[in-house]
Amino acid sequence: MRTPLIAGNWKMNKTHFEAIKLIQQLGYELAEHDFGKVEVAVCPPFTSMRTAQTLIEDDRLSFALGAQNMHYEKDGAFTGEVSAEMLKALRVRYVILGHSERREVFGESDEDVNRKVRVAFGNELTPIMCCGETDSEKESGETAIKVERQVREGLKSVTPDQARSIVIAYEPIWAIGTGKTATPDDAQSTIGHIRSVLGTLFDGDVASSIRILYGGSVKSGNAGQILAQTDVDGALVGGASLDAGEFAAIVKAIK
Ligand code: 13P
């Protein structure tokens with residue numbers, strides 16, 4: 001039984017003042033929500049992580065805290081980077097790894113993503129590992145090959161026990177921030193393919209316990225249909241996670 005997860009990736013948005021407001025509004029919107037049925041995570045920028053952590057703990061909110069990235073080295077001369085140990089100390093549960101914006105804008109390779117995934121597990125963090133194809137890869141029918149490669153490379157040397165808890169996010173790059181979404185059928189088909197790849201990497205039992213999210217222009221208006229697909233276990237939400245009412249409506253769209 002996979003508990004669905006709705007995770008808000010705030011990207012580079014919100015000061016820590018604004019983060020306080022958004023988390024409080026979200027707490028209000030989801031006051032009656034059953035977090036055992038649908039898990040909710042917020043992934044603010046690093047400058048708001050401490051604020052978010054204290055707010056969530058002090059107000060006994062049930063949101064999980066997630067980070068948007070981390071470095072794979074333990075410590076040292078890596079100006080501008082944040083380590084897994086630092087996140088762990090903040091009681092961060094999730095860390096988004098290999099988001100297409102990290103891959104495309106900051107040049108992260110599958111190998112970097114794999115190193116980060118392994119280090120995250122070593123620090124009791126749960127990776128939300130992203131994969132997805134570009135517009136031209138989609139047009140040339142390479143979606144399955146691309147996501148398969150990213151999943152296989154990203155999970156190298158990951159043990160079956162670790163794999164059980166990982167979260168994978170399928171985010172077609174052409175759907176991110178564009179208002180275009182994969183059709184529910186396409187999302188199901190690619191996510192189903194990812195699950196079958198996981199079955200060959202590990203086994204059917206492990207594959208069926210891994211949560212796979214869809215991401216890319218998820219809004220309250222389209223969430224219900226996408227989230228109703230058999231293999232879609234939730235959503236990684238960008239723009240719509242910046243509005244408490246909209247994000248809460250996506251959480252409530254899971255039946
Ligand atoms: P949007 O929901 O803004 O399309 O972003 C999706 C995303 O990249 C989440 O990680």
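All ligand and atom numbering here is 1-based and tracks the order in the structure.
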Undergrad: Could you give all pairs that pass the ring-ring contact (aromatic ring centres under 6.0 Å, His included) test and reach residues 22-54, with sequence neighbours left out?
TA: H33-F35, F35-F63
Undergrad: Can you name the atoms of ligand 1, numbered from 1 with element, that are less than 4.0 Å from a heavy atom of N9?
TA: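 Those atoms are 9 (C), 10 (O).
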Undergrad: Which option, G238, A169, C43, G177, owns the non-hydrogen atom nearest atom 4 (O) of ligand 1?
TA: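 That would be G177.
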Undergrad: Under 4.0 Å from any heavy atom of L236, which atoms of ligand 1 are there?
TA: 9 (C), 10 (O)
Undergrad: Side-chain heavy atoms under 4.5 angstrom apart, residues restricted to Ile, Leu, Val, Met, Phe, Trp, Tyr: same cluster for V95 and I212?
TA: yes
Undergrad: Taking only heavy atoms of G216 into account, list the atoms of ligand 1 that are under 4.0 Å away from them.
TA: 4 (O), 6 (C)
Undergrad: Report the residues that fulfil side-chain contact (heavy atoms from CB on, under 4.5 Å) with R115, sequence neighbours left out, ordered by chain and then residue number.
TA: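 side-chain contact (heavy atoms from CB on, under 4.5 Å) check on R115 returns Y72, E73, R118.
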Undergrad: Would you say K11 contacts ligand 1, with heavy atoms under 4.0 Å as the rule?
TA: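 In this structure, K11 qualifies as a contact of ligand 1 - some heavy atom is under 4.0 Å.
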Undergrad: Please confirm whether S217 approaches ligand 1 to less than 4.0 Å, judged on its heavy atoms.
TA: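 Yes; S217 lies near enough to ligand 1 that a heavy-atom distance drops under 4.0 Å.
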Undergrad: Where's the contact between I176 and ligand 1, heavy-atom distance under 4.0 Å: side chain, backbone, both or neither?
TA: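 Contact part for I176 vs ligand 1: both backbone and side chain.
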Undergrad: Which atoms of ligand 1 sit under 4.0 Å from any heavy atom of E171?
TA: 6 (C), 7 (C), 8 (O), 9 (C), 10 (O)
Undergrad: Do the side chains of R102 and D112 get close enough for a salt bridge, i.e. N-O under 4.0 angstrom?
TA: no
Undergrad: Considering distance alone, does some N or O of K219 sit under 3.5 Å from an N or O of ligand 1?
TA: no
Undergrad: To the nearest 0.5 Å, how far apart are CD1 in I168 and CD1 in I194?
TA: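 It comes to 6.5 Å.
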Undergrad: Can you tell me how far apart OG (S241) and CH2 (W10) are? Round to the nearest 0.5 Å.
TA: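 CH2 of W10 is found 7.5 Å from OG of S241.
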Undergrad: Out of all atoms in ligand 1, which are within 4.0 Å of some heavy atom of A175? Include the element for each.
TA: 4 (O)
Undergrad: Atoms of ligand 1 less than 4.0 Å from G239 heavy atoms?
TA: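 Counting from 1, the qualifying ligand atoms are 1 (P), 2 (O), 3 (O).
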Undergrad: Can you list the steps and then say if E148 with V151 is a side-chain contact (heavy atoms from CB on, under 4.5 Å)?
TA: CA-CA 5 Å; E148 178 161 350; V151 169; 5.9 Å; no
Undergrad: Minimum heavy-atom separation for L155 and N114, please, with both atom names.
TA: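 Nearest pair, atom of L155 first, then N114: C-ND2, 3.8 Å.
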